Amino acid sequence: MKDLKPNYYDKFICIGHKCPDTCCQGWSIDVDQKSHKKYEILGNSYGKNNNISKFLKKKPYPNTHNYSQIEMKKNGLCPFLDINKLCKIQSKLGEDYLPNTCKVFPRRMVDFNEIKVKTLSLACPEAARLCLTKKNSMEIKLEDKKKNFIKIVPDHLHNPFTIVGEKLFNKIFFLFKDEKFKVENLLIICENLLNEQKNLEKSPSKIDEVTNFIIDKSKKLDFLNLDSSIIKLNFLNDITSFIQKNNPRSSLNKILCETQKKLISNFTNYEEAIENFKNIEKNEYVGFEKKNYSILRNFFLNEILGNVQIFTNQTLNCRNRFYLIILCATISKIITIGDITKRSRKNIDKNILTNAIQKVIKNFGAFIKVDNNQEYIFHPEISTALEKVEKNNIFNSLFLLFSSIG
């Protein structure tokens with residue numbers, strides 16, 4: 001069995017009560033069937049008036065992995081969290097009684113039988129710090145450094161689609177590590193290569209030729225001079241209203257409301273807000289991103305690796321994983337611009353983008369629904385907000401929202 005993991009993965013240690021944003025708050029915690037049955041058997045033996053099972057809500061369509069969920073308290077905290085931000089189930093009963101979700105988080109894995117692709121969820125502040133703030137955090141040990149190729153699919157699982165997908169994944173992954181390419185260019189390259197994947201099944205020998213053509217074409221696109229300030233502020237209004245309605249107790253709701261206030265409500269008219277946003281993005285944010293270039297680059301590397309099935313799975317809606325990554329990066333950038341607005345250049349904290357990414361990733365579940373294949377579908381209101389940018393192309397909408405004025 002072979003584990004593929006970036007070098008920050010094994011450096012992770014939960015910092016417990018020192019964590020600035022406990023993982024026991026702000027979302028639903030799924031409980032597997034085995035753990036659910038354990039809690040039912042325990043009854044009140046967990047402690048007086050502390051029957052664990054009374055806090056569980058069985059799912060409408062339960063399965064082995066997602067059988068029930070722990071109902072959060074009104075303040076969004078897990079009912080088993082003690083005053084020291086530690087788990088009462090673990091302290092009283094031991095780690096074996098934790099549901100699988102709590103045992104594993106923030107670790108995540110894509111399982112290709114004997115090849116396991118492992119990353120950490122950036123919803124965890126410590127995982128986000130390790131991954132995003134260290135320049136070489138996304139280095140992966142290769143069996144053969146000369147080949148510079150990451151094998152993700154065992155030979156016996158290969159078919160024409162996965163053979164091409166594995167090669168395209170490698171093209172994209174190593175391009176994202178190349179500092180010569182702007183992230184905006186890389187997103188266009190990735191989208192176009194994914195569009196060509198089915199065609200390349202018939203002629204895999206042309207992968208290099210097609211990749212070089214797409215790279216060359218992306219360099220000639222004059223997208224960095226496009227001012228999309230108004231659509232970004234309109235989108236901020238839409239996403240803030242959406243979170244206020246659908247996830248009002250989340251930390252993201254508070255952050256988005258503050259961002260909306262800084263970038264829109266504090267101005268006497270919308271034209272002033274648009275001009276301010278444009279100036280902050282062009283004169284402050286772009287320089288901040290260049291100075292801290294590894295943050296977004298490592299974010300995309302981590303999420304592409306953690307969702308590598310984008311390249312290997314033909315299941316309907318699997319591509320939405322790629323679009324969700326761009327959506328989370330876009331919202332994080334807008335939050336960061338809002339944070340920069342009220343700061344002087346000397347007081348711009350390099351961690352504000354890292355913190356924004358962590359908060360957005362922790363709440364990404366609000367943006368999506370899950371289909372019968374456990375793939376993502378954007379929430380209808382999110383789809384509507386993106387259609388306001390460009391009606392018939394989700395990638396173009398996300399790209400316009402993500403790209404910055406050069």
Side-chain angles (χ1 to χ4, degrees), residues 8-32 35-36 38-39 42 44-57 66 68-108 119-134 137 243 246-258 302 306 328 332 335 339 349 351-366:
Y8 81 91
Y9 183 91
D10 288 331
K11 297 176 183 177
F12 173 78
I13 299 173
C14 177
I15 58 176
H17 69 279
K18 296 179 181 178
C19 185
D21 187 13
T22 174
C23 54
C24 306
Q25 180 181 22
W27 49 17
S28 299
I29 299 174
D30 291 330
V31 177
D32 55 285
S35 296
H36 183 96
K38 276 186 182 180
Y39 301 151
L42 270 175
N44 287 319
S45 62
Y46 163 63
K48 188 178 180 181
N49 299 320
N50 276 314
N51 188 336
I52 297 178
S53 61
K54 77 177 184 179
F55 295 103
L56 302 181
K57 181 180 180 182
N66 299 309
S68 60
Q69 67 182 37
I70 298 173
E71 289 196 301
M72 299 290 103
K73 297 194 295 188
K74 287 184 179 180
N75 60 3
L77 288 169
C78 176
F80 305 115
L81 194 68
D82 67 20
I83 58 173
N84 296 315
K85 292 186 179 180
L86 298 174
C87 177
K88 288 187 280 188
I89 293 178
Q90 183 172 1
S91 61
K92 291 188 176 186
L93 300 170
E95 188 174 336
D96 286 346
Y97 276 86
L98 289 175
N100 286 339
T101 300
C102 300
K103 283 181 187 175
V104 172
F105 184 84
R107 299 165 186 86
R108 59 184 182 179
T119 52
L120 298 182
S121 167
L122 303 184
C124 166
E126 180 64 3
R129 183 188 71 82
L130 288 170
C131 175
L132 302 179
T133 64
K134 309 297 181 183
S137 66
I243 292 294
N246 292 280
N247 205 8
R249 294 197 299 244
S250 68
S251 55
L252 183 59
N253 180 44
K254 181 180 178 181
I255 292 168
L256 284 172
C257 288
E258 290 173 352
N302 190 67
C328 290
S332 301
I335 290 171
D339 206 336
D349 185 346
N351 293 315
I352 57 177
L353 180 54
T354 298
N355 295 336
I357 289 171
Q358 183 267 319
K359 288 293 189 296
V360 173
I361 291 294
K362 185 171 182 179
N363 292 275
F364 84 85

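Note that the structure is predicted; figures quoted are calculated from it, not measured. Residues: numbered from 1 along the sequence shown.
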Closest heavy-atom contact between [X] and [Y]?
X      : Y      : answer
Lys74  : Arg249 : O-CD, 2.6 Å
Leu77  : Asn75  : N-OD1, 3.0 Å
Cys328 : Phe364 : SG-CB, 3.9 Å
Leu56  : His36  : CD1-ND1, 3.4 Å
Pro248 : Asn246 : CD-C, 3.5 Å
Cys19  : Lys85  : O-NZ, 3.9 Å

With rounding to the nearest 0.5 angstrom, report the [atom1] to [atom2] distance, [X] to [Y].
X      : Y      : atom1 : atom2 : answer
Ile70  : Ile89  : CD1   : CD1   : 5.5 Å
Ser121 : Asn302 : OG    : CG    : 8.5 Å
Asn247 : Leu252 : CG    : CG    : 7.5 Å
Glu71  : Gln69  : CD    : CD    : 7.0 Å
Ile335 : Ile255 : CD1   : CD1   : 5.5 Å
Asn355 : Asp339 : CG    : CG    : 8.5 Å

Pair Ser35, Asp32: side-chain N/O donor-acceptor within cut-off below 3.5 Å: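 A pair is found: one side chain offers a donor N or O, the other an acceptor, under 3.5 Å apart.
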
Do [X] and [Y] touch side chain to side chain, with heavy atoms closer than 4.5 Å?
X      : Y      : value
Met72  : Ile29  : yes
Cys131 : Leu120 : no
Pro99  : Tyr39  : yes

Salt bridge (charged side-chain N to carboxylate O under 4.0 Å, His left out) against Asp96, all qualifying residues, sequence neighbours excluded: none

Verdict with supporting geometry, Asn253 and Ser250, side chain to side chain donor-acceptor pair (under 3.5 Å): CA-CA 5 Å; Asn253 180 44; Ser250 68; 5.7 Å; no

Qualifying salt bridge (Lys or Arg N to Asp or Glu O under 4.0 Å) pairs, either residue in residues 15-30, two or more places apart: Asp21-Lys359, Asp21-Lys362, Asp30-Lys59

Trace of the side-chain contact (heavy atoms from CB on, under 4.5 Å) decision for Ile243 with Asn363: CA-CA 9 Å; Ile243 292 294; Asn363 292 275; 5.6 Å; no

With sequence neighbours excluded, residues passing side chain to side chain donor-acceptor pair (under 3.5 Å) with Ser137: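 With sequence neighbours excluded, Ser137 shows a side chain to side chain donor-acceptor pair (under 3.5 Å) to Asn298, given in chain and number order.
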
With sequence neighbours excluded, residues passing side chain to side chain contact (heavy atoms under 4.5 Å, CB included) with Cys14: Phe12

Side chain to side chain contact (heavy atoms under 4.5 Å, CB included) against Asn84, all qualifying residues, sequence neighbours excluded: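 For Asn84 the side chain to side chain contact (heavy atoms under 4.5 Å, CB included) partners, ignoring immediate neighbours, are Asp82, Leu86.
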
Whether over 12 other heavy atoms sit under 6.0 Å from Lys73 NZ: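 Check passes, neighbour count above 12.
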
Lys57 atom NZ, neighbour heavy-atom count above 12 within 6.0 Å: no

Worked verdict on Arg107 versus Tyr9 for side-chain contact (heavy atoms from CB on, under 4.5 Å): CA-CA 8 Å; Arg107 299 165 186 86; Tyr9 183 91; 3.5 Å; yes

Contacts of Phe105 that satisfy ring pair (Phe, Tyr, Trp, His ring centres under 6.0 Å) - sequence neighbours left out: Trp27

Arg108/Thr119 under side-chain contact (heavy atoms from CB on, under 4.5 Å): CA gap, chis, key distance, verdict: CA-CA 6 Å; Arg108 59 184 182 179; Thr119 52; 2.7 Å; yes

